[in-house]
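Contents: one structure, followed by commentary.
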Amino acid sequence: MLDLAYVRNNLDAVAARLATRGASAGLEQFRELDRKRRAAITEAEQLKAQSNAQSQKIGQMKRQGLDTTAEQEAVRASKARVAALEEEQKAFEDGFRELLAGIPNLPHESVPVGKSEADNVEVRRVGEPRQFDFAPKAHWDLGPELGILDLERAAKITGARFALYWDMGAKLERALINFMLDVHTREHGYTEVLPPFMVNSRSLFGTGQLPKFQEDLFKCEGQDLWLIPTAEVPVTNIYAGETLEADALPVKLCAYTPCFRSEAGSYGRDVRGIIRVHQFQKVELVKFTRPEASYDELEKLTADAEDILRRLDLPFRTIVLSTGDMGFSSAKTYDIEVWLPGQNGYKEISSCSNYEAFQARRASIRFRGGKKAEYLHTLNGSGLAVGRTWVAIIENFQQRDGTVVIPAALRPYLNEEVIRPRK
RNA sequence: GGAGAGGUGGCUGAGUGGUCGAAAGCAGCGGUUUGCUAAACCGUCGUAGGGUCAUAAGCUCUACCGGGGGUUCGAAUCCCCCCCUCUCCGCCA
């Protein structure tokens, strides 16, 4: 959510910046709705002030033993009008809040202006894609051949876009989770948390998934409980409604969670394998920072995520998303893309964003800087998506004989150096 | 799931129909005193949204005592529903 006073007083500038991300709609109504809303508030409150004064007077008169029948009747008579005005006020307030809550974040000035992902800009490329002296296989062939990935039975148990891992497949997934958590907590200074995997709608509003992106989520029928699409939601909301001490910042948290996404509207994309599934595991990094530090912290957070790929000897590139490709709540986003031989290209494995005060305002997360509490900045990024890391390892380190060599950094977590076909 | 107790400002904790946005204490902030620290003393000290206005200060109004309804001229206080916490029982990993 944008700052109301800022939008009101810089409407043209806000409109211009939103236009760069193709989101100008709504701002024309803003001024008009804001005006109507304030008029309604003023009118309703004036009448309420009158009634309150009358009621106080009645109290005084009663103490003096005076008859107050006429005064009581007068207040009672104005009640209907107060109720009508309040209703009108509420309607304007609701409409206005909805409008404000539906406006996406303003892109940071360093973000390249563009219409789509075609305008994203590569900022660095690390590692060389391996030259195979045989035709490398995609994980959807290699996984089943090794007996570690079983998509057919997963479809039987649950449905399409779910995965069942066997033996070394399951162990590789678990090893990756432990490896990532250990690196981030021991070497990058993050505190590990294990949050609920279901959240309420208030939390989803706080991070920006609701009200606009309900169709991407799984909801428990008849209850205000939703499966988390990312750990960002429960972890960012840890401090919802709270005010942190300035010297506690930055707060750096990391969490392993499964993530559940309906993938509505992605029919036909990444249909093979486990690149895009309804349930995947992720280790997430979340930061709460002072406003002036958030862009430095975004660089560090991105580097922390990249470090996992470096340690696993996986080639990757980092791109900065253009204004046209950024998520709703983000002011700036880096995507990290890992090289996948099966796709002969780079594929997103992490998304690192600075939300500035956008989420903090929605979730009401502040810090006490000077005298007054002010909104802090929130950031998060995958560190990393575990399922796609699994794919990257299988595909990048496959051998001619169909085995997979485990990268050195991961061997202590697996007690194996090679994944061989399961008998 | 059953029975009971409770949810008030940063914290503790008063307040059962009007003058209560809310006593008191602690913490915080400003100051006096002090060689320094401590203590003492004085003052100040909630949030959000309107109006006035310079997007300031100040003044003023409205709302907020877990959330939502209701009764009443008037609700922290009375009634109803819901949520959360604690204790006991049952069940369960």
Side-chain angles (χ1 to χ4, degrees), chain A residues 1-15 30-101 106 194-206 220 222-226 234 237-249 291 357 360-376:
Chain A
M1 191 151 52
L2 299 177
D3 179 55
L4 170 57
Y6 180 81
V7 176
R8 186 185 288 155
N9 297 310
N10 302 277
L11 207 54
D12 292 336
V14 168
F30 186 94
R31 209 189 301 260
E32 180 65 4
L33 201 50
D34 188 31
R35 193 188 60 74
K36 285 183 175 168
R37 162 184 165 268
R38 287 153 90 176
I41 289 171
T42 305
E43 197 181 0
E45 290 191 346
Q46 276 174 356
L47 194 61
K48 271 193 261 187
Q50 269 179 34
S51 300
N52 287 348
Q54 279 266 307
S55 292
Q56 266 190 11
K57 196 172 140 205
I58 291 168
Q60 286 168 8
M61 289 171 71
K62 284 211 162 184
R63 251 170 282 126
Q64 292 163 19
L66 300 170
D67 176 62
T68 58
T69 313
E71 284 75 11
Q72 289 184 28
E73 193 47 54
V75 179
R76 192 182 301 139
S78 72
K79 271 180 94 171
R81 229 184 117 225
V82 172
L85 285 173
E86 275 185 329
E87 202 169 311
E88 185 186 339
Q89 176 193 341
K90 188 175 181 306
F92 280 124
E93 297 243 44
D94 287 350
F96 185 74
R97 200 176 307 119
E98 197 178 315
L99 181 66
L100 190 63
L106 302 177
L194 183 64
F197 300 160
M198 290 196 252
V199 292
N200 58 31
S201 50
R202 183 196 179 105
S203 293
L204 286 160
F205 179 85
C220 293
Q223 287 183 286
D224 185 30
L225 289 175
W226 310 65
N237 279 286
I238 286 174
Y239 294 118
E242 297 190 27
T243 301
L244 306 183
E245 291 304 322
D247 58 15
L249 301 179
R361 230 173 264 122
R362 293 169 81 99
S364 192
I365 310 172
R366 284 174 265 224
F367 77 102
R368 203 165 299 281
K371 275 198 135 180
K372 243 188 118 128
E374 54 182 304
Y375 292 112
L376 47 70

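All values below come from the heavy atoms of this structure, side chains included, with hydrogens, waters and symmetry mates left out.
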Could you tell me whether E93(A) and K90(A) have a side-chain N and a carboxylate O separated by less than 4.0 Å? no
Please tell me which of the listed nucleotides, G50(B), G74(B), G18(B), lies nearest to the side chain of I58(A)? G18(B)
R37(A) CZ to G49(B) C1': how many Å, rounded? 7 Å
Whole-Å distance between A48(B) P and F96(A) CZ? 16 Å
On RNA chain B, nearest-nucleotide positions of E73(A) versus R38(A): which is more 5'? R38(A)
Sidechain-backbone polar pair: D34(A) side chain, F30(A) backbone, donor-acceptor under 3.5 Å: no
Given that both distances must come in under 3.5 Å, which nucleotide forms a Watson-Crick or G-U wobble pair with A3(B)? U87(B)
When rounded to the nearest Å, what value does the distance between C1' atoms of G21(B) and C42(B) take? 24 Å
Both distances under 3.5 Å, Watson-Crick or G-U wobble: report the partner of G25(B), or none. C11(B)
Would you mind telling me which of U55(B), G50(B), G74(B) lies closest to the side-chain atoms of I41(A)? G50(B)
Of the candidates U47(B), G51(B), C73(B), the side chain of S55(A) sits closest to C73(B)
What integer distance in Å separates Q72(A):CD from G74(B):P? 9 Å
Got a second to check how far L47(A)'s CG is from E86(A)'s CD, nearest 0.5 Å? 9.0 Å
How long is the span from the CG atom in L85(A) to the OG1 atom in T42(A), to the nearest 0.5 Å? 11.0 Å
On a plain distance test, is the side chain of R63(A) in donor-acceptor contact with the base of U19(B) below 3.5 Å? yes
My understanding is that a pair needs two contacts under 3.5 Å, Watson-Crick or G-U wobble. By that rule, which nucleotide pairs with A75(B)? none
Nearest-angstrom distance, P atom, U44(B) to A23(B): 13 Å
Starting from P on U55(B), measure out to CG on D34(A) and report it in whole angstrom. 14 Å
Applying a 3.5 Å limit to both distances, which nucleotide forms a Watson-Crick or G-U wobble pair with C92(B)? none
Please report, rounded to the nearest Å, how far the C1' atom of G49(B) is from the CD atom of E43(A). 17 Å
Phosphate OP1/OP2 of A48(B) contacted by R366(A) side-chain N/O (<4.0 Å): yes
Side chains of S55(A) and N52(A), donor plus acceptor under 3.5 Å: no
Scan nucleotides 59-68 of chain B against the protein and return all N/O pairs shorter than 3.5 Å with their distances rounded to 0.1 Å.
{"residue": "U62(B)", "atom": "OP1", "partner": "N52(A)", "partner atom": "ND2", "Å": "3.1"}

Heavy atoms under 4.0 Å, any strand shown: does R8(A) hit a base, just sugar-phosphate, or nothing? sugar-phosphate
For the residue pair Y375(A) and F367(A), is the inter-centroid distance of their aromatic rings smaller than 6.0 Å? no
Could you state the CZ-P distance from R35(A) to G51(B), rounded to the nearest angstrom? 12 Å
Using whole Å, what does the distance between atom C1' of nucleotide U55(B) and atom CG of L4(A) come to? 11 Å
What distance, rounded to whole Å, do you find between the two P atoms, one in A3(B) and one in C82(B)? 13 Å
Searching all strands shown, indicate the nucleotide that pairs with U32(B) (Watson-Crick or G-U wobble; both distances under 3.5 Å). A40(B)
Can you check the distance between A14(B) and A24(B), where both ends of the measurement are the P atom (answer in whole Å)? 15 Å
From CE of M61(A) over to P of G18(B), roughly how many Å is that when rounded to an integer? 18 Å
Taking R37(A) for the side chain and F92(A) for the main chain, is one N or O donor matched with an acceptor at less than 3.5 Å? no
Salt-bridge present (R76(A), E73(A); N to O < 4.0 Å): yes
Identify whether any heavy atom of R97(A) sits under 4.0 Å from a base atom; if not, whether one sits that close to sugar-phosphate; answer base, sugar-phosphate or nothing. nothing
Roughly how far apart are S78(A) OG and Q50(A) CD, rounded to 0.5 Å? 7.5 Å
P atoms of U12(B) and G69(B), separation to the nearest Å: 28 Å
I'd like the C1' distance from G28(B) over to C45(B), given in whole Å. 8 Å
Pick the C1' atom in A39(B) and in C78(B), then give their distance to the nearest Å. 48 Å
Under 3.5 Å on both distances, the Watson-Crick or G-U partner of G58(B): U52(B)
Strictly by Watson-Crick or wobble contacts shorter than 3.5 Å, is anything paired with U16(B), and which nucleotide is it? none
Mapping S51(A) and K90(A) onto RNA chain B by nearest heavy atom, which one lands closer to the 5' end? K90(A)
Under 4.0 Å, counting only non-hydrogen atoms across every strand here, what does R202(A) touch: a base, just sugar-phosphate, or nothing? nothing
So V199(A) and N237(A), do their side chains get closer than 4.5 Å, heavy atoms only? no
Once you apply a heavy-atom cut-off of 4.0 Å, does K62(A) come out as touching a base, just sugar-phosphate, or nothing? base
When the P atoms of A22(B) and G9(B) are compared, how many Å lie between them, rounded to an integer? 15 Å
